[in-house]
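First comes the structure, then the notes that go with it.
In the text below, chain A, chain B and the rest are named by the order of the sequence lines, each starting its count at 1.
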Protein chains: 2
Amino acid sequence: MQKKPKNSDTQNVGISLDGQLCFAIYGAAHAFNRAYKPLLEPLGLTYPQYLVMLALWEEDGQPVKAIGERLGLDSGTLSPLLKRLEQADLVRRKRDRKDERQVHISLTPKGAEMKAQAEHVASAIGEALGCGLDEVAALRDALKALRERLRSASG
Amino acid sequence: MQKKPKNSDTQNVGISLDGQLCFAIYGAAHAFNRAYKPLLEPLGLTYPQYLVMLALWEEDGQPVKAIGERLGLDSGTLSPLLKRLEQADLVRRKRDRKDERQVHISLTPKGAEMKAQAEHVASAIGEALGCGLDEVAALRDALKALRERLRSASG
DNA sequence: CATAACTATATTGTGCGCAATTGAATTGCG
DNA sequence: CGCAATTCAATTGCGCACAATATAGTTATG
């Protein structure tokens, strides 16, 4: 608790820098959302719905639980979201015969077709990012690491 | 549109890498939210409410508009949020006498006092991040740049 | 002065996001 | 077999987040 002209700042810098990181993450997440919104609107998808579809295009027929773990969402969020996707005829929900607690989400033909459209969306965002692929990859890894550190500290 | 063995990947890599950046930002934002939640609960604040308070601790008496611009939120989000902060006796809302369209948000004594508590919260998060200040600063700047690029492309 | 254009905030409706609860199905153990 | 513990999904309640709209106040223009 002695005076340390340089390090005495760490507490102040702590709240300030941290605050700025708060704003930065918060703002970046919303900016992403806003950038996608107009591109997804013609497809009739919201951004979280797009993320779910992305997960399904990667692997079709996943149970709700698996999607939830991949995206970090629980059933309270996914259940109504998936119902809307079902209403839009993009996915179907089928109970597993062997374990009827599970509901498998599978793409309809319409949902599978949409992947091609979505690739245009993704590439449009890629251009907006400036296409610095190395930079994007580095950022992605930094964010993953950040998430891990936060998760292990609080979860 | 010719074959370019290397660059023909850019479309595939595009959706994949982009998808991963989506997940990364999305997940990091939620991870931040979850990390803060248990720390803010004793203060009776949600994470967005904390961000608003942070803005007010930095500069008291800001009009709603200024807060909204700082955080990237509109009145549809802020109006009810500020009412809850007012109900909790953390802020007050006063109309500007010179321009009665504006509502200035000012801290109550209780709201001002809370800053000290919040610094503990911020430093706890700082520790959870591993305190790599350089790294945090770099990440913050990368996110700010990212946000700017997205904003200029879509806004 | 009057009226149009603009600005700041509030309201409404839809869709996340999560905690807590519920309910059905499965598994484990005696 | 019978019963408790567990698992998965759905539901409920609350709080963001934003588009669209409404309302009141201000400024600009004739």
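One finds no side-chain N or O of A:R95 lying less than 4.0 angstrom from the OP1 or OP2 phosphate oxygen of C:dA25. OP1 or OP2 of C:dG17 has not a single side-chain nitrogen or oxygen of B:R34 nearer than 4.0 Å. Between B:T46 and D:dC16 there is a side-chain N or O to OP1 or OP2 distance below 4.0 Å. Within the structure, every side-chain polar atom (N or O) of A:S79 is placed at least 4.0 Å from both OP1 and OP2 of D:dT11. Between C:dC16 and A:Q49, a contact under 4.0 Å exists linking OP1 or OP2 to a side-chain N or O.
Rounded to whole angstrom, the span from the NZ atom of A:K65 across to the C1' atom of C:dT26 amounts to 14 Å. In this structure, CG of A:L73 is placed 10 Å from C1' of C:dC18, rounded to the nearest angstrom. Between the CD atom of B:E69 and the C1' atom of C:dT7 there is a distance of 12 Å, rounded to whole Å. D:dT21 atom P lies 15 Å from atom CG of B:D74, rounded to whole Å. Protein atom NZ of A:K37 is 12 Å distant from nucleotide atom C1' of D:dA20, rounded to whole Å. One interatomic measurement links the two molecules: CG of A:N33 to P of D:dC18, which rounds to 7 Å at whole-angstrom precision. Atom pair A:L51:CG and C:dG15:C1' shows a separation of 14 Å (rounding to whole Å applied). Spacing between atom CD of B:E41 and atom C1' of D:dG15 amounts to 14 Å, rounded to whole angstrom units.
At a threshold of 4.0 angstrom between heavy atoms, the contacts of B:P80 with the nucleic acid are absent. Across all strands, B:G72 comes closer than 4.0 Å only to sugar-phosphate atoms, never to a base (heavy-atom distances).
By the 4.0 Å N-to-carboxylate-O rule, A:R151 lies close enough to A:E148 to be salt-bridged with it. One finds no salt bridge joining A:E86 and A:K83 here, because no Lys/Arg side-chain nitrogen approaches an Asp/Glu carboxylate oxygen to under 4.0 Å. A salt bridge is defined here as a Lys NZ or Arg NE, NH1 or NH2 lying under 4.0 Å from an Asp or Glu carboxylate O, and A:E69 with A:K65 meets this definition.
Across all strands shown, C:dG30 forms a Watson-Crick or G-U wobble pair, both distances under 3.5 Å, with D:dC1.
Between the side chain of B:S75 and the base of C:dA8, no donor-acceptor pair of N or O atoms lies under 3.5 Å.
Comparing A:L78 and A:Y26 against DNA chain D, the residue whose closest nucleotide sits nearer the 5' end is A:L78. Each of A:T77 and A:R101 was matched to the nucleotide of DNA chain C holding its nearest heavy atom; the match closer to the 5' end belongs to A:T77. Nearest-nucleotide positions on DNA chain D for A:H30 and A:V103 put A:V103 closer to the 5' end.
In this view, B:Q117 satisfies the side-chain hydrogen bond (donor to acceptor under 3.5 Å, both in side chains) rule with no residue, not counting sequence neighbours.
When distances run from any side-chain atom of B:D99 to the nucleotides C:dA8, D:dT26, C:dG17, the shortest one goes to D:dT26.
Around the CD atom of A:E135, the shell of radius 6.0 Å holds no more than 12 heavy atoms that belong to other residues, nucleotides or ligands.
A heavy-atom distance below 4.5 Å is found between the side chains of B:I105 and B:R93.
For residues 83-92 of chain A, proximity to DNA chain D is found at A:K83, defined as any non-hydrogen atom under 4.0 angstrom from a strand atom.
Paired with B:D99 under the rule salt bridge (charged side-chain N to carboxylate O under 4.0 Å, His left out), one option of B:R95, B:R101, B:R97 passes, and it is B:R101.
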